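Values below: all heavy atoms of this structure, side chains included; hydrogens, waters and symmetry mates excluded. As the structure is a prediction and not an experimental result, all values here were calculated from the model.
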Amino acid sequence: MRTVLRREYNGVCGVALGYFMLEAVCGMLRKGETWRDRVIHDAFWSILLLVGVGVLLILRTLKHSNCLLHVNGH
């Protein structure tokens with residue numbers, strides 16, 4: 001699990017960003033919402049994006065600042 005977290009922290013943020021953008025664009029096209037309306041009124045996707053960015057920052061910091069995610073042989 002440590003190896004996956006060490007190597008794939010960018011993917012976590014990418015998935016969250018992808019879902020956020022897909023939902024935002026679909027809502028804007030389907031309902032005619034503005035970007036601001038979409039971000040403010042649909043808090044679930046905004047929170048998901050913030051959590052994804054938070055996980056990215058935490059895992060990146062752990063990878064580069066200490067050996068918590070270090071795996072022997074890598």
Side-chain angles (χ1 to χ4, degrees):
M1 187 66 177
R2 286 188 294 179
T3 301
V4 171
L5 291 175
R6 186 173 193 269
R7 291 183 181 181
E8 301 299 330
Y9 61 88
N10 288 325
V12 172
C13 188
V15 168
L17 180 62
Y19 277 115
F20 176 80
M21 292 302 294
L22 184 63
E23 182 64 26
V25 170
C26 287
M28 289 166 54
L29 293 175
R30 184 180 53 219
K31 298 177 184 175
E33 297 174 330
T34 64
W35 179 257
R36 183 175 182 266
D37 290 339
R38 195 69 194 158
V39 171
I40 292 172
H41 297 298
D42 194 2
F44 174 76
W45 296 106
S46 299
I47 291 170
L48 178 68
L49 179 62
L50 291 175
V51 168
V53 170
V55 168
L56 169 86
L57 294 173
I58 290 168
L59 291 176
R60 181 170 167 77
T61 301
L62 288 174
K63 178 182 177 183
H64 293 290
S65 68
N66 63 35
C67 60
L68 184 64
L69 294 179
H70 179 72
V71 178
N72 291 333
H74 288 94

Provide the closest heavy-atom pair for Ala16 versus Gly52 in the form atom of the first, atom of the second, distance.
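For Ala16 and Gly52, the tightest heavy-atom pair comes out as CB-CA, 4.0 Å.
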Going by the salt bridge (charged side-chain N to carboxylate O under 4.0 Å, His left out) test, which pairs reach into residues 47-61, not counting sequence neighbours?
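Listed once each, the pairs would be none.
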According to salt bridge (charged side-chain N to carboxylate O under 4.0 Å, His left out), does anything in residues 14-23 pair up with another residue at least two apart or in another chain? List the pairs.
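Only Glu23-Arg38 qualify under salt bridge (charged side-chain N to carboxylate O under 4.0 Å, His left out).
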Listed by chain and number, what are the side chain to side chain contact (heavy atoms under 4.5 Å, CB included) partners of [X], not counting sequence neighbours?
X: Leu50; value: none
X: Val51; value: Ile47, Val55
X: Leu17; value: Met21, Leu49
X: Thr61; value: Ser65

Hydrophobic clusters here meaning ILVMFWY residues chained together by side-chain heavy-atom distances under 4.5 Å, can you tell me if Phe44 and Val53 are in one?
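In one cluster: yes.
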Do Leu48 and Tyr19 have side chains that approach each other closer than 4.5 Å (heavy atoms only, starting at C-beta)?
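Yes, side chains in contact.
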